[in-house]
Amino acid sequence: MTHTEITILNYTVNADVYARYGADFDAEAVNDEILRILNDAAPAGVTIERNGKVLAEDAAIATARSFDWAGTLKRIDLDTILAKHGR
(Lines give C-alpha, C1' and ligand atoms only; values in the text may rest on other atoms or scores of the structure.)
Protein backbone atom coordinates (compact mmCIF):
# COMPACT_ATOMS: atom_id res chain seq x y z
CA MET A 1 0.00 0.00 0.00
CA THR A 2 1.31 3.40 -0.86
CA HIS A 3 1.19 6.48 1.31
CA THR A 4 0.89 9.97 -0.11
CA GLU A 5 2.23 13.01 1.70
CA ILE A 6 -0.62 15.47 2.16
CA THR A 7 0.97 18.28 4.16
CA ILE A 8 3.36 18.93 7.00
CA LEU A 9 1.96 20.01 10.36
CA ASN A 10 3.97 22.20 12.67
CA TYR A 11 2.56 20.69 15.85
CA THR A 12 5.54 21.13 18.16
CA VAL A 13 5.44 23.79 20.85
CA ASN A 14 7.95 26.61 20.44
CA ALA A 15 10.33 27.61 23.23
CA ASP A 16 8.75 31.06 23.49
CA VAL A 17 5.45 29.43 24.50
CA TYR A 18 7.19 27.64 27.36
CA ALA A 19 8.90 30.89 28.36
CA ARG A 20 5.54 32.66 28.63
CA TYR A 21 4.47 30.14 31.24
CA GLY A 22 7.65 30.69 33.23
CA ALA A 23 8.05 27.03 34.13
CA ASP A 24 10.01 24.01 33.03
CA PHE A 25 8.22 21.37 30.99
CA ASP A 26 9.08 18.01 29.48
CA ALA A 27 8.94 19.29 25.89
CA GLU A 28 9.26 15.83 24.37
CA ALA A 29 6.31 14.54 26.40
CA VAL A 30 4.25 17.60 25.45
CA ASN A 31 4.95 17.12 21.75
CA ASP A 32 4.32 13.37 22.00
CA GLU A 33 0.91 13.98 23.54
CA ILE A 34 -0.02 16.52 20.87
CA LEU A 35 1.03 14.04 18.19
CA ARG A 36 -1.06 11.32 19.84
CA ILE A 37 -4.10 13.62 19.92
CA LEU A 38 -3.63 14.51 16.25
CA ASN A 39 -3.34 10.87 15.24
CA ASP A 40 -6.47 10.04 17.26
CA ALA A 41 -8.36 12.83 15.47
CA ALA A 42 -7.04 12.00 12.00
CA PRO A 43 -9.37 10.25 9.57
CA ALA A 44 -9.00 6.51 9.08
CA GLY A 45 -6.04 5.72 6.85
CA VAL A 46 -4.20 8.91 7.77
CA THR A 47 -1.11 9.09 9.98
CA ILE A 48 0.93 12.03 11.25
CA GLU A 49 4.58 11.16 11.68
CA ARG A 50 6.89 12.60 14.31
CA ASN A 51 8.39 14.95 11.72
CA GLY A 52 4.93 16.42 11.08
CA LYS A 53 4.30 14.74 7.73
CA VAL A 54 0.70 13.79 7.17
CA LEU A 55 0.53 10.57 5.17
CA ALA A 56 -2.61 9.09 3.68
CA GLU A 57 -3.33 5.65 2.33
CA ASP A 58 -4.71 5.66 -1.20
CA ALA A 59 -8.34 5.43 -0.10
CA ALA A 60 -7.96 8.32 2.38
CA ILE A 61 -6.19 10.93 0.21
CA ALA A 62 -9.26 13.05 -0.55
CA THR A 63 -10.41 12.94 3.06
CA ALA A 64 -6.96 13.91 4.32
CA ARG A 65 -6.74 16.83 1.89
CA SER A 66 -10.10 18.20 2.98
CA PHE A 67 -9.58 17.61 6.71
CA ASP A 68 -9.42 20.74 8.90
CA TRP A 69 -5.87 20.32 10.22
CA ALA A 70 -5.59 23.95 11.41
CA GLY A 71 -8.89 23.70 13.29
CA THR A 72 -7.84 20.44 14.89
CA LEU A 73 -4.59 22.01 16.09
CA LYS A 74 -6.48 25.00 17.51
CA ARG A 75 -8.82 22.75 19.51
CA ILE A 76 -5.98 21.06 21.38
CA ASP A 77 -6.00 22.18 25.01
CA LEU A 78 -2.34 23.13 25.43
CA ASP A 79 -2.85 24.38 29.01
CA THR A 80 -4.04 20.94 30.13
CA ILE A 81 -1.16 19.20 28.36
CA LEU A 82 1.40 21.56 29.89
CA ALA A 83 -0.09 21.07 33.36
CA LYS A 84 0.44 17.31 33.02
CA HIS A 85 4.04 17.63 31.86
CA GLY A 86 5.57 20.23 34.14
CA ARG A 87 8.81 19.45 35.90
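Here, residue 1 is the first one in the sequence, and each next residue gets the next number. Computation of the quantities below employed the complete heavy-atom set of this structure, encompassing side-chain atoms and omitting hydrogens, waters and symmetry-equivalent molecules. Fair warning: this is a prediction, and the values are worked out from it, not measured in the lab.
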Could you check whether any side-chain heavy atom of [X] comes within less than 4.5 Å of a side-chain heavy atom of [Y], counting everything from C-beta outward?
| X | Y | result |
| --- | --- | --- |
| Arg65 | Thr4 | yes |
| Ile34 | Thr12 | no |
| Leu35 | Ile37 | no |
| Arg36 | Asp40 | yes |
| Trp69 | Val46 | yes |
| Val17 | Leu78 | yes |
| Ile76 | Leu38 | yes |

Quiz prompt | Flag, side chain of Asn31 to backbone of Val13, donor-acceptor distance under 3.5 Å | solution = yes
Quiz item: Any sub-3.5 Å donor-acceptor pair from Asp26's side-chain atoms to Ala29's backbone N or O?
Solution: yes
Heavy atoms only: give me the nearest [X]-[Y] pair and the separation to one decimal.
| X | Y | answer |
| --- | --- | --- |
| Leu55 | Glu5 | CD2-CA, 3.7 Å |
| Ala60 | Ala44 | CB-O, 3.4 Å |
| Gly71 | Asp68 | N-OD1, 2.8 Å |
| Phe67 | Pro43 | CD1-CG, 3.5 Å |
| Lys53 | Ile8 | CG-CG1, 4.0 Å |
| His85 | Val30 | CB-CG2, 3.7 Å |

Distance (rounded to the nearest 0.5 Å) between [X] [atom1] and [Y] [atom2]:
| X | Y | atom1 | atom2 | value |
| --- | --- | --- | --- | --- |
| Ser66 | Ile6 | OG | CD1 | 9.5 Å |
| Thr63 | Glu57 | OG1 | CD | 11.5 Å |
| His3 | Asp58 | NE2 | CG | 8.5 Å |

Quiz prompt | Asp79 and Tyr21 side chains, donor-acceptor separation under 3.5 Å | solution = yes
Exercise. Report the C-alpha separation of Arg50 and Tyr11 in whole Å, then their side-chain angles, then the decisive distance to 0.1 Å, and conclude whether the side chain to side chain contact (heavy atoms under 4.5 Å, CB included) test is met.
Key: CA-CA 9 Å; Arg50 192 164 187 74; Tyr11 70 90; 3.9 Å; yes
